[in-house]
Structure formats: C-alpha cells, structure tokens
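Written below as structure tokens is the structure these notes are about.
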Amino acid sequence: MAPSKSIDLGDFDDDDDAPLPARGGIAARAMGTAEAPYLSTLNEEQRVAVESLDGPVLVLAGAGTGKTRVLTTRLAHLLATGRAWPGQVLAVTFTNKAAREMKERIGLLIGGVVEGMQWLGTFHSIGVKILRRHAELVGLKSDFSILDTDDQIRLLKQIVAAHDLDEKRWPARQLASHIDGWKNRGLLPEKVPAGEAHAFANGKGAELYAEYQERLKILNAADFGDLLLETLRLFQENPDVLADYQRRFKYMLVDEYQDTNVVQYLWLRLLAGGHGNICCVGDDDQSIYGWRGADVDNILRFEKDFPGAKVIRLERNYRSTPHILSAASGLIANNEGRLGKTLHTDLDKGEQVVVRGHWDGEEEARAIGDDIEALQREGHVLNEIAILVRASFQMREFEDRFITLGLPYRVIGGPRFYERAEIRDALAYLKVTAQPDNDLAFERIVNVPKRGIGDTSVKRVRELARTRGIPLYRAAQEIVETEELPAKARNSLKGLLESFRRWRALLDGLPHTELAEIVLDESGYTEMWQNDKSPDAPGRLDNLKELVRSMDEFENMAGFLEHVSLVMDSDALQSDDKVSLMTLHSAKGLEFDTVFLPGWEEGLFPHQRALDESGRAGLEEERRLAYVGITRAKRLCKISFAQNRRIHAMWQTALPSRFIDELPESHVAVEEAASPHAGFGWGRGGFGESRFDRANPFSTGYETPGWKRARAAYDSGESVRHAPHFIEGELVAREDAEATPFQRGERVFHMKFGYGTVSAVDGNKLTIDFEKAGTKRVLASFVERP
DNA sequence: GACGGACGGCTTTTT
DNA sequence: GCCGTCCGTC
C-alpha cells in the first residue's frame with residue numbers, strides 16, 4: 001500500500017458502486033476516432049496487450065520489455081475509455097514499491113492524481129481492506145491487529161512450550177515456517193494432509209496450527225498469511241460476499257504473476273469467476289520465489305485455468321545489448337518447464353559477457369574493486385554499477401574492500417527500518433497506548449527498559465489473563481491490586497500502567513508526533529539508549545528520531561500504526577553517487593549499465609541447499625536467478641568465480657558453476673585475472689569440452705604456498721567433505737519432493753543404499769533402516785517408492 | 001532478576 | 001567466524 005496520508009479504518013460505504021457509463025458513450029466514441037496519445041508510444045505487442053480489455057489475458061513480459069509500461073497504460077486505457085471507474089478496477093502487486101510506482105505512473109499518464117483507485121495495492125493490503133469490512137464472518141473484529149513475524153514466533157513459542165515440547169528439538173521458527181507454508185497453499189488446519197502434519201513434533205503439527213489459529217482469534221489478530229487465507233475463506237464460505245466483489249471488480253490486473261502462490265491464485269480465480277476480465281503480467285523465467293510459496297505452475301497453467309485466454313508475448317527488449325541478451329537466453333534455455341520466449345533487441349552488439357576466475361574470494365573482491373575504479377576514471381557513474389551476490393554473507397568481502405579503497409557504496413535490502421529492535425520497541429509502546437488489548441506489544445515492552453518485571457512476574461500476569469479470558473493489560477491492572485507479585489515488581493508495573501493511562505488520555509488532544517515523543521521519553525526508553533555504551537546506540541537514537549519524524553505524514557496514530565504493520569520498507573535515498581551492493585533476489589526489476597556477478601561456484605550458486613531440498617526444481621530456480629542477474633545489465637556484465645572461498649570459517653575448494661559452462665560460447669569472453677595467483681590450469685586453451693576443468697581443479701603443477709596448502713587439503717579429503725555433491729542433486733533428486741511425503745513404516749528405494757523401511761520422518765529428512773546399508777538419515781528427495 | 005559464558009547454526013525475503 | 005539464544009551463577 002502506498003503511504004497514503006489518511007487511511008480510513010472504518011470506511012464501510014460503497015461509494016464506488018456508481019453506475020457505469022454506457023458503452024459507446026461520448027468518451028468511448030471520441031476514443032474511436034482520435035488516437036489516445038499514450039497509445040502511440042507503444043510497440044505493436046504492447047499495444048495489443050493494452051487494448052485486449054475483455055476476457056482473460058496473459059502478458060508474458062520478458063526482462064526489459066516494458067512490462068510496467070504496459071500495465072499502467074492498460075489501466076489508464078480502462079479509465080480513459082470509460083470502461084470502468086477507478087473503484088471498479090482491482091490491481092494487485094507484490095510489493096508496496098510496485099504499487100506506489102504504478103499509482104504515480106498512471107497519474108502521469110492521465111494527468112493529475114488518480115482519485116478513487118482504492119483497489120490498487122498489494123495482495124496483503126487489499127486482503128486487509130476486505131477482511132476489515134467482513135471481519136465478523138471469519139471470527140475477528142474489524143479492528144483486528146496484524147502480527148509480524150516476530151510476534152508470530154513469540155506466540156508460537158508459548159504454544160510449543162504449553163505442549164511440553166522441547167524448544168530445542170522443535171523450534172517455534174520451524175513450526176512458523178510450516179504454518180506459513182500451509183497458509184501459502186490455502187490449507188486451513190483441518191485440511192493439512194496427514195503426512196505433513198507429521199512433519200512437526202511427531203504429528204502434532206496440524207494440532208498446534210489449529211491452536212495457533214484459535215489463539216489469534218482470541219487476540220483479535222491476524223498474521224500475514226491470514227490476510228490472504230482468511231480472505232479466501234471469507235469468499236468460499238460466503239457466496240453473497242463473493243458475488244458482491246465479483247460485481248464490483250469489473251476488471252482485474254495482476255503484476256508479477258509468476259510469483260503468486262496457491263492462495264493468491266485461488267483468490268484471483270474466485271474473483272474473476274464471473275466476467276473473467278483478468279489480465280496477468282509476468283515472466284516464468286523470472287520466478288525466483290518458489291522457496292517462499294510462489295508456484296511457477298500458476299503462470300504455466302494459465303491457459304488451462306482460464307479457457308479462451310489470450311497470450312501475448314513481449315519479446316522486444318529495450319535494455320540490454322545482444323551479447324548480454326543472448327548469453328542470458330542461452331543459459332535459461334537449459335530449463336525444461338518454460339513457456340518460451342525469444343528476446344531480441346535493436347541495440348548495437350556491445351561487449352561480450354566477461355567470465356573471470358580467481359584464486360580466492362578476496363582476490364575476486366580486489367579485482368572488482370579495481371574494475372570499478374577504472375570505470376570511474378573513464379567517467380562512469382557509480383549509480384550505474386551494481387554487484388549482485390547469491391547470499392548476503394558475500395557482501396562483506398566487498399564492503400571491506402570498498403572501505404579500504406574509499407569507494408562509496410550502498411547496501412540494498414539490509415535489515416529493514418521497521419525490523420530494527422529499537423523501532424519495534426517504540427512501535428510496541430505506541431501500540432499499547434492506542435490499543436491496550438494488544439497483548440504481544442504489551443509483552444514486548446513490559447520490561448524494556450529493565451524495570452524489575454521479570455519473566456516470573458510476566459508469567460503470573462499471563463496465567464491470570466488466560467484463566468479469566470482477558471487481555472494481558474486488564475490482567476495487569478487487576479494483579480497490581482493484589483499481593484500476587486513481589487512489591488518491587490508490583491509497584492513498577494503499577495507505575496507503567498499509570499503512565500499508559502496518562503498517555504492514552506492524550507491520544508485525542510495532542511498531535512500524535514508529540515505524544516510519541518512523550519511516550520518514548522517518559523517510559524525511559526530513549527534514556528536507555530542514551531546510557532548504552534555500545535557503538536550502535538547513537539544510530540538507534542537517530543532511528544527513533546526518524547520514526548517520529550515519519551509519523552508526520554499521517555493524520556493520526558491509528559492511521560500510522562495501520563501503515564507500519566503493512567509496510568515494512570522505507571525508501572533509501574538515491575541522491576548520491578554510489579555502487580550498489582545487493583542480493584540477486586533484491587535486484588529483480590532493477591537495471592544497471594554495469595553488473596558484476598561474483599561467486600559463480602558450485603555449492604554457492606547454484607546453492608547446495610536449493611539442490612538438496614528441491615532437486616531439479618531447485619536447480620531450475622537457481623538458473624532463473626542467474627538469468628535475472630545477467631538481464632539486469634544494460635552494457636556490461638562480468639561474471640566471476642573463486643577457486644577457494646572461506647565459508648563459516650572453513651576454507652573450501654569450489655568448482656566453477658555449471659551455469660558458466662551453460663553460457664553460449666560466442667557471447668562470452670574469458671578474461672585472465674590480473675593477479676599472479678590466477679591464470680592457472682583452466683585458463684589455458686580457451687574452450688574445450690568444458691571451459692573450466694571442473695573434474696579436477698588441481699590438475700596443474702602450479703606451485704605456491706597457498707596452492708600447496710589447498711591441494712594438501714583436497715588430497716586429504718578435508719575440503720572434499722564439504723565439497724558439493726552436485727551430481728546427486730542433479731541426477732536423483734525428484735522434482736516434486738514436497739508433494740508426496742513419506743510415512744513411517746513405508747518401504748522405499750534409495751539410489752545408493754538400496755531398499756529400506758522408513759523409521760522416522762523429520763520434515764524432508766527421513767531415517768531409514770536399509771536392508772544392506774544399515775540405518776541412515778537421508779533427504780526425502782533422494783528416495784522413491786519401489 | 002540480571003548478567004555473562006557456552007553452544008549451535010548458518011540462502012534467498014515480502015507482506 | 002559471528003550472532004543470537006539458553007542456561008547457570010551471583
């Protein structure tokens with residue numbers, strides 16, 4: 001949701017149900033003869049995508065083909081031709097940023113701010129809006145609060161503990177991810193397949209999930225998954241409500257369709273049920289969020305799901321040079337499950353994609369640093385240079401190097417503003433002030449700063465709350481009137497409650513920013529950080545100031561709090577010239593003149609865990625990630641790998657990524673690394689069977705101390721122990737590892753160990769008594785039913 | 001109840 | 001090698 005200045009929490013009126021202008025009205029007729037100016041800037045396919053308004057449409061928009069332009073123009077077109085009022089169009093995106101951008105661009109197209117586009121937003125923000133209107137139908141009150149991941153974990157911890165389960169063996173975090181997974185797939189507790197319910201705490205998974213849902217209802221709260229799942233349930237159980245929204249949303253637009261999960265898909269299909277005017281835009285080759293529930297199948301199946309669908313391919317790329325485009329296309333062609341697109345461009349050939357090998361990660365960072373300084377000397381702007389890594393730990397090497405060089409850089413997608421502890425604490429104070437029944441917020445700050453109300457006291461309050469069925473805050477009010485707590489804790493708690501009472505009284509009288517300052521001051525929270533000696537304390541104080549400042553944009557406290565529970569990002573300013581450093585995932589949708597892609601090594605990229613846990617599907621997703629990386633580059637793309645890398649304090653020898661060998665030769669130039677350590681073995685004869693000798697990385701007689709050490713480790717097997725067993729990942733892992741869980745007692749077959757019986761199931765790990773090989777723990781994806 | 005040492009885990013991340 | 005969580009001690 002865009003940071004709108006006022007959020008109406010109680011807007012239950014249906015002012016957007018105004019009658020449609022008759023088809024063939026004046027506006028439409030005028031359109032027929034005079035060409036709308038915004039149409040003339042589109043290419044042919046884009047124009048078809050914009051003008052195919054009726055029925056299901058899938059726009060397959062390759063990287064850099066003008067996807068956002070099509071989406072926004074199509075929306076503008078719907079409004080300009082009088083097909084629909086702004087309030088009759090449902091337009092969903094995944095991120096707040098995307099929603100914000102779309103709003104701005106539509107404004108530019110049709111002039112001025114678009115009024116009444118109340119159904120343009122993220123899946124989640126639209127879900128909340130619908131849920132608040134009909135909360136009582138799903139067992140909530142319309143002012144329900146939204147839990148973030150942190151609150152969710154704390155709640156689950158309590159539930160796990162109440163079942164006398166060992167937190168160590170069954171971490172709440174793991175349960176949370178199971179529950180998220182179920183919610184992503186649209187599964188209510190009673191629908192969780194028996195096999196999967198076994199995945200946690202010996203079969204208690206579904207039971208704990210059910211209990212968690214009950215607790216949420218008692219707390220009058222919903223987690224992120226509920227915002228989608230409960231909306232779906234609302235539609236499924238209340239046909240009249242569904243029919244109302246089907247009528248309301250005359251046209252639907254979906255961005256990044258390849259990232260939708262099952263609930264979102266079911267949601268969309270229900271809503272599009274009547275008219276079927278749904279337009280989904282996406283790129284199956286850029287689906288990189290399978291691990292958090294996105295289902296590429298949604299886009300692959302579109303034509304089946306929506307019969308008569310029109311599929312439009314945008315294949316003309318406006319971003320990258322032919323070499324870059326061809327390298328990326330050649331790579332992605334190795335994937336099997338694709339709809340297939342052929343990207344082309346009119347740009348000049350440009351430079352080939354550069355591939356370069358290094359001795360270790362440090363040398364790689366040094367070389368990239370040098371490259372960037374050279375580019376800078378040639379007059380390139382740092383803002384147009386990016387380093388995209390697979391995993392965030394890789395960033396450190398670059399940060400170290402850039403600090404040494406004095407090269408300005410910015411890290412994108414680090415810890416989010418609203419996820420910082422001090423911000424969450426401050427928000428918890430404000431929440432308790434505005435919503436005394438918010439138990440999780442209350443618990444978070446009851447003893448922060450330390451005021452002598454420890455775990456034992458909190459536990460007493462919680463017990464009372466539970467037995468009496470009242471919120472913690474009320475329980476606290478009652479308990480301080482008794483002798484239940486030790487005097488110190490009692491007085492302290494009494495004082496805190498008195499403070500909250502005082503602050504609450506100021507809610508209506510005082511501007512909310514001033515009140516926030518008072519709360520943070522009088523609670524001793526600011527003071528706590530002022531007295532903190534740690535080096536990051538001043539930064540935290542700054543963040544608190546920034547928080548209060550940002551509240552200014554909102555009308556009142558309630559509006560502000562609603563905004564922050566949905567919007568967890570804060571836009572970093574892009575004013576000064578800096579190199580961007582980020583993960584491949586956060587680079588999606590961005591573009592840069594020059595892109596560096598370091599760390600292309602087996603085990604790191606493709607990541608070993610992706611292969612272990614998801615087999616072939618995992619490998620294909622990693623390949624799409626590589627594709628996303630390359631297609632971010634406009635003019636120059638430099639891929640590199642290191643032979644040796646330190647991961648978790650252990651030196652590991654790695655092989656060049658298979659993705660490097662998958663790049664089509666004619667679009668790649670191998671560059672010798674400048675360092676004296678590099679240039680051994682694999683650089684020699686250009687392209688052979690494999691460009692880089694991956695069978696034996698130590699096949700040359702190269703002799704330096706570091707090299708000898710590495711070879712000794714290799715020979716002794718020390719690094720082999722950690723070396724990726726990529727062959728297994730590729731050859732025997734099954735694609736649908738998750739779909740059919742194994743049960744205890746089941747007879748299975750393993751490629752290496754032969755036949756055996758499953759004796760225990762722990763998520764995707766199985767303990768199997770093999771007939772020949774004894775008892776082993778193996779991944780479920782490596783066994784099959786005989 | 002608060003603090004400090006030991007222990008384990010460790011891809012990606014939005015809402 | 002670093003960070004967050006847990007448990008034991010004062």
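Side-chain atoms are counted along with the backbone in the values below, which use heavy atoms only and exclude waters and symmetry mates. Numbered from 1 within each chain, the chains take letters A, B, ... in sequence-line order.
Atom P of nucleotide B:dT15 and atom CG of A:Asp226 are separated by 18 Å, given to the nearest angstrom. Here the C1' atom of nucleotide B:dT12 and the CD atom of A:Gln608 are 15 Å apart, to the nearest Å. Here the C1' atom of nucleotide B:dT13 and the CD atom of A:Glu256 are 14 Å apart, to the nearest Å. Following rounding to the nearest Å, A:Ile412 (CD1) and B:dT13 (P) show an atom-to-atom distance of 12 Å. Rounded to whole angstrom, the span from the CZ atom of A:Phe144 across to the P atom of B:dT15 amounts to 17 Å. If you measure from atom CG of A:Leu619 to atom P of B:dT12, you get 19 Å, rounded to the nearest angstrom. Between the P atom of B:dT14 and the CD1 atom of A:Ile288 lies a distance of 11 Å, rounded to the nearest Å. Residue A:Asp400 contributes atom CG, which lies 13 Å from atom C1' of C:dC2 at whole-angstrom precision.
Taking only side-chain atoms of A:His585, from C-beta outward, the nucleotide of B:dT15, C:dG1, B:dT12 with the closest atom is B:dT12. With distances taken from any side-chain atom of A:Arg292 to the nucleotides C:dC2, B:dT13, B:dT15, the minimum falls on B:dT13. Closest to the A:Arg173 side chain, of the nucleotides C:dT5, B:dT15, B:dT13, is C:dT5. Side-chain proximity of A:Arg390 to the nucleotides B:dT12, B:dT15, B:dT14 is greatest for B:dT12.
Judged as a salt bridge (charged side-chain N to carboxylate O under 4.0 Å, His left out), the pairs with a partner in residues 485-495 of chain A (not counting sequence neighbours) are, in order, A:Glu483-A:Arg490.
For A:Arg624, the salt bridge (charged side-chain N to carboxylate O under 4.0 Å, His left out) partners are A:Glu621, not counting sequence neighbours. Shown here are the ring pair (Phe, Tyr, Trp, His ring centres under 6.0 Å) partners of A:Phe592, two or more places apart in sequence or in another chain: there are none. Residues meeting the ring pair (Phe, Tyr, Trp, His ring centres under 6.0 Å) test with A:Tyr209, sequence neighbours left out: A:Trp182. Every residue two or more places apart in sequence or in another chain that forms a side-chain contact (heavy atoms from CB on, under 4.5 Å) with A:Ala135 is listed here: A:Leu140, A:Ser142, A:Phe144. Evaluation of the salt bridge (charged side-chain N to carboxylate O under 4.0 Å, His left out) rule for A:Asp285 yields A:Arg338, A:Lys341 as partners, not counting sequence neighbours. Legend: residues meeting side-chain contact (heavy atoms from CB on, under 4.5 Å) with A:Glu397, ordered by chain and number and at least two apart, are A:Glu362, A:Ala365, A:Arg645.
Aromatic pair A:Trp267/A:Tyr265: centroids not less than 6.0 angstrom apart.
Stacking between A:Tyr289 and B:dT13 is absent: the ring centroid is not both under 5.5 Å from the six-membered base ring centre and under 30° in plane angle.
Residue-environment remark: CD (A:Glu527) stays at or below the threshold of 12 foreign heavy atoms within 6.0 Å.
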Enumerate all atom pairs, one protein N or O and one N or O from nucleotides 8-10 of chain C, separated by less than 3.5 Å.
none

For nucleotides 1-10 of chain B, 5' to 3', base contacts (B), sugar-phosphate-only contacts (S) and non-contacts (-) with protein non-hydrogen atoms under 4.0 Å give SS-------B
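When the side-chain nitrogen and oxygen atoms of A:Thr122 are compared with OP1 and OP2 of B:dT14, none of them lie within a distance under 4.0 Å. The phosphate of B:dT12 has neither OP1 nor OP2 within less than 4.0 Å of any side-chain N or O from A:Ser586.
Closest-nucleotide positions on DNA chain B for A:Trp291 and A:Gly225 were compared, and the one nearer the 5' end corresponds to A:Trp291.
A cation-pi arrangement is absent between A:Arg401 and A:Phe398, since the terminal nitrogen or guanidinium carbon is not both under 6.0 Å from the aromatic centre and inside a 45° cone about the axis.
Here A:Glu621 lies out of heavy-atom contact (under 4.0 Å) with every strand.
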